[in-house]
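Reading through the structure tokens given below for one structure.
We're numbering straight along the sequence, starting at 1. Atoms within each ligand, like the ligands themselves, are counted from 1 in listed order. Just so we're clear, the structure is a prediction, and the values are computed from it rather than from any experiment.
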Amino acid sequence: MFALDDLARLFNLAVREDAAAGGLTVTSGSQTIVLSPQQPLASVAGRMISLPAAPIKDGRAWYVPVDFVSRALAPISTTKIDLRKPSRLVIVGDVRMPRVAARVEPLGSLTRVTLDVAPSTPHTVTQEGTHLSVKFDADALDAADIRATPTTDTLQNIRAGDAPQVITIDLGPRFASFRAADQPAPGGAARIVIDLVTQTETPASGAPQPGPGGVQLPPPNVPNLPEPPPLLDLPPTGGLRTIVIDAGHGGDDMGAKGAKGTLEKNVTMSVARRLKGSLEARLGVRVLLTRDGDQAVAPDQRAAVANNNKADLFISLHANASVRPGVSGAEVFYLNLEGYGDQGQRASQAAAEALPVVGGGSREIEITPWEMAQARYIGESAIFAKAMEAALRARVPMSPRALQQAPFRVLVGANMPAVLVEMGFLTNAQQEQQLASDDHQNLLVQALVDGILRYRAAGTGGTR
Ligand SMILES: [Zn+2]
């Protein structure tokens with residue numbers, strides 16, 4: 001409800017309380033509104049209108065329902081009054097303030113940003129360094145519907161710009177170019193479609209590049225991808241939109257080392273790139289790597305890449321080592337909560353809290369200590385790990401202890417189902433040879449893709 005005193009100041013109203021008649025009289029210029037404290041009604045210039053609630057008195061102040069502005073005040077006001085409840089705005093006078101809403105769709109080699117503008121308003125779209133500015137011929141924008149948007153390779157964020165009539169689109173690291181087109185929309189609205197085109201191949205990322213006719217080709221630096229996959233043979237449904245692949249180790253941290261000199265950090269990077277290419281081509285999902293070259297990345301930073309990008313799955317790739325050269329086979333791990341005690345239990349049961357958000361409404365904001373992020377997903381991670389283990393077993397040699405729980409640091413902070421895959425033992429001569437070979441790496445990639453499909457098919461992947 002609004003305080004009547006505030007409205008009086010804002011709209012130059014005279015408010016008079018008639019104790020004898022038990023009513024309130026609100027005067028604007030020569031027009032009068034009569035309110036009754038007992039009834040959700042008002043007489044506006046002699047016409048009765050209904051209100052969602054009766055006026056109430058709190059201390060010495062009177063409060064009226066928000067709709068009083070549009071139903072009672074607007075009809076008698078000499079200036080234009082436009083109440084926009086979703087945005088918590090009352091627009092007074094002839095302010096040109098179109099509503100703008102944004103939608104983001106990752107479409108393979110481009111990201112499509114759709115801005116709906118009501119009413120249709122002339123505008124320009126220009127690139128200024130690392131962002132696009134969409135400037136409207138207006139006094140200001142009602143951009144309450146522009147909230148957090150998904151990030152992609154070409155899009156970081158959509159936000160209110162520095163000037164009141166500007167929407168700013170922050171571009172991602174792989175942005176190459178854009179094209180903007182206008183479409184008419186119903187009700188005098190307009191639609192601006194802006195396509196952010198992804199750069200073609202960069203050697204560091206190993207992502208697929210668009211080929212003739214938009215067909216995704218395997219990255220040129222990855223020979224012999226597993227069987228040329230049909231493009232987008234599965235719709236990006238089932239709740240899997242973003243997958244983060246963590247190539248274990250990197251930089252000075254070389255991980256395990258084989259007798260022939262094969263380094264774990266290189267095996268994990270190579271498989272991660274192949275897996276990214278295969279997942280993007282076959283599932284049409286967004287795949288991000290926690291490192292795109294030979295650099296050190298802290299464990300928490302790896303999980304942060306997944307959290308910051310709202311990933312639906314997190315997969316950490318490793319190759320194992322043992323003092324006994326005979327030990328071999330792949331293993332799949334999910335997080336072990338032992339040592340976290342009650343705190344872990346509580347976190348695993350904690351419900352998301354709804355917090356009010358500036359600009360109106362509320363949204364679910366999860367409050368979880370970093371240390372406990374994975375605790376709530378242990379059950380899902382166990383199902384995911386089981387699916388990965390079954391898929392690997394169908395294609396590559398497995399360890400006798402193929403499915404395990406362990407307190408891996410890299411999994412602790414992941415706020416989504418997460419597994420760690422030890423793809424084999426580099427300290428085993430035969431496995432070192434396998435892990436370094438294209439053929440075996442491709443087998444692993446096929447198995448890991450299968451595992452993700454099995455997990456998705458189990459129907460649990462869409463519950464977040
Ligand atoms: Zn490792």
*asked:* Only N/O/S atoms count here: what is the atom of His249 closest to the Zn ion (ligand 1) called?
replied: NE2

*Cationic N near anionic O, under 4.0 Å, Lys265 to Asp253*: no

*SB check Asp438 Arg274 (cutoff 4.0 Å)*: yes

*asked:* Under a 3.5 Å cutoff, is there a donor and acceptor pairing between the side chains of Thr154 and Thr198?
replied: no

*For Glu264, what is the atom name of its N, O or S atom nearest to the Zn ion (ligand 1)?*
OE2

*Give a yes or no on whether a salt bridge exists between Arg191 and Asp182, defined as a side-chain N under 4.0 angstrom from a carboxylate O.*
no

*For the Zn ion (ligand 1), find the closest N/O/S atom belonging to His318 and write down its atom name.*
ND1

*May I ask you to check if any N/O/S atom from Glu422 comes under 2.8 Å of the Zn ion (ligand 1)?*
no

